[in-house]
Amino acid sequence: MTNTKTAAASRVTPLHTPTDLKSNAVQELAGALNVLLADMFALYLKTKNFHWHISGPHFRDYHLLLDEQGDQIFAATDAIAERVRKIGGTTLHSIGHIARLQRVADNDEGYVAPEDMLAELLEDNRQLAISLRGVHALCDEGGDVAGASLIEIWIDEAERRAWFLLIHETFVTTKIEFLLHET
C-alpha cells in the first residue's frame with residue numbers, strides 16, 4: 001500500500017532533482033539556460049527557414065550547409081533542456097514561452113537574398129557565442145562544472161558555424177564585386 005501512496009504522491013508533486021548547487025545558482029543558471037534554449041530554437045527555425053528558401057547559383061552548397069547547421073543547433077536544444085532539469089530547474093513549455101525569451105530576431109520576409117541570409121546567420125551565430133560565454137561565466141560562478149563543459153562545446157560549434165558562413169559570404173561578395181567590375 002505504501003508504494004501505491006508514494007507513486008500517487010509523485011504524480012502530483014513536482015520533480016525535485018537533487019543537486020549540490022546552491023538554490024540561487026540553480027535559479028540563475030536555469031533562467032540563463034532557458035533564454036539560451038529559446039535562442040537556440042529561434043536560430044534553428046531561422047536556419048531551417050533559410051535552408052528551405054535559399055535560391056541562386058549556389059543553392060545546393062548553401063542548402064546543404066544550412067541543413068547541417070540546423071541539425072547541429074537542434075541537437076543542442078535537448079542537451080540544454082536536460083541540463084536545466086539535471087540541476088533542478090524547469091524548462092520551456094511552449095512556442096509562446098520561446099517567443100517571450102528569445103533574443104534572436106525572427107525573419108518573416110517573403111524573400112531574402114542568399115548573401116543576406118548568410119550575413120544574418122553569421123551575426124546571429126556570433127551573438128550566440130557571446131551569449132554562451134556569459135552563461136559559461138555563470139556556470140563558473142555557480143560551480144556548475146558540467147554545464148560549463150557543455151557550453152564550451154556549443155561555443156566551439158557556434159564559432160565554427162560563423163566561420164563557415166563567413167567563408168561562404170566572403171566568396172559570394174567577392175564574386176559579386178568581380179562581376180560588377182567586369183561590366
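What you see is a predicted model, and the numbers here were worked out from it, not measured in a lab. Only this structure's heavy atoms are used, side chains among them; waters, hydrogens and symmetry mates stay out.
Checking side-chain atoms of Ser131 against main-chain N and O of Gln127 turns up a donor-acceptor pair under 3.5 Å. Side-chain atoms of Arg100 come within 3.5 Å of backbone atoms of Gly96 as a donor-acceptor pair (strictly under, hydrogens ignored). Without hydrogens or angle criteria, Asp116 side chain to Val112 main chain gives no donor-acceptor distance under 3.5 Å. At least one donor-acceptor pair under 3.5 Å links the side chain of His168 to the backbone N or O of Phe164. Of the possible donor and acceptor atoms, none in the side chain of Asp39 sits under 3.5 Å from a partner among the backbone N and O of Gln102. When atom types are taken as modelled, the side chain of Arg85 and the backbone of Gly89 share a donor-acceptor pair closer than 3.5 angstrom.
Ion pairing between Lys46 and Asp106 fails under the 4.0 Å rule for side-chain N and carboxylate O.
A distance of 10.5 Å separates CD1 of Ile130 from CZ of Arg103, quoted to the nearest 0.5 Å. We find the CD-CG distance between Gln27 and Leu21 to be 13.0 Å, quoted to the nearest 0.5 Å. How far OG1 of Thr77 is from CG of Leu36: 10.5 Å, rounded to the nearest 0.5 Å.
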Are Leu92 and Leu101 close enough, and set up right, to give a side chain to side chain contact (heavy atoms under 4.5 Å, CB included), and what steps lead you there?
-> CA-CA 9 Å; Leu92 302 177; Leu101 295 179; 3.5 Å; yes
Checking side chain to side chain contact (heavy atoms under 4.5 Å, CB included) for the pair Arg160/Asn125: CA distance, chi angles, key distance, verdict?
-> CA-CA 9 Å; Arg160 184 174 191 268; Asn125 278 284; over 6 Å; no
Full working for side chain to side chain contact (heavy atoms under 4.5 Å, CB included) between Asn107 and Glu120 = CA-CA 9 Å; Asn107 186 320; Glu120 194 169 327; 2.8 Å; yes
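Checking Arg161 against Gln72 by side-chain atom types alone, a donor-acceptor pair falls below 3.5 Å.
The two residues Ala32 and Leu138 make their nearest non-hydrogen contact at CB-CD1, 3.6 Å. Across all non-hydrogen atoms, the minimal contact from Val135 to Ile151 is CG1-CD1, 3.3 Å. When all heavy atoms of Ala148 and His136 are compared, the pair lying nearest together is O-CD2, 3.3 Å. The minimum heavy-atom distance linking Thr47 with Leu121 is given by the pair OG1-CD2, 3.6 Å. Across all their heavy atoms, Ala30 and Val84 have their closest contact at CB-CG1, 4.0 Å.
At least one side-chain heavy atom of Cys139 sits less than 4.5 Å from a side-chain heavy atom of Leu29. A 4.5 Å side-chain heavy-atom check between Leu65 and Leu165 finds at least one atom pair inside the cut-off. Annotation: side chain of Phe50 is not in contact with side chain of Tyr62 (no heavy-atom distance under 4.5 Å).
Under the side-chain contact (heavy atoms from CB on, under 4.5 Å) test applied with Met40, the options Val104, Leu128, Val35 reduce to a single match, Leu128.
Hydrophobic cluster membership is shared by Ile73 and Leu122, with clusters built from Ile, Leu, Val, Met, Phe, Trp and Tyr side chains linked at under 4.5 angstrom. Each of Trp52 and Leu118 belongs to its own hydrophobic cluster when Ile, Leu, Val, Met, Phe, Trp and Tyr are linked at side-chain heavy-atom distances under 4.5 angstrom. Under the 4.5 Å side-chain heavy-atom criterion for Ile, Leu, Val, Met, Phe, Trp and Tyr, Ile153 and Leu43 are members of the same hydrophobic cluster.
Listed by chain and number, the residues in a side-chain contact (heavy atoms from CB on, under 4.5 Å) with His63 are His51, Ile54, Phe59 (sequence neighbours excluded). With sequence neighbours left out, His53 forms a ring-ring contact (aromatic ring centres under 6.0 Å, His included) with no residue at all.
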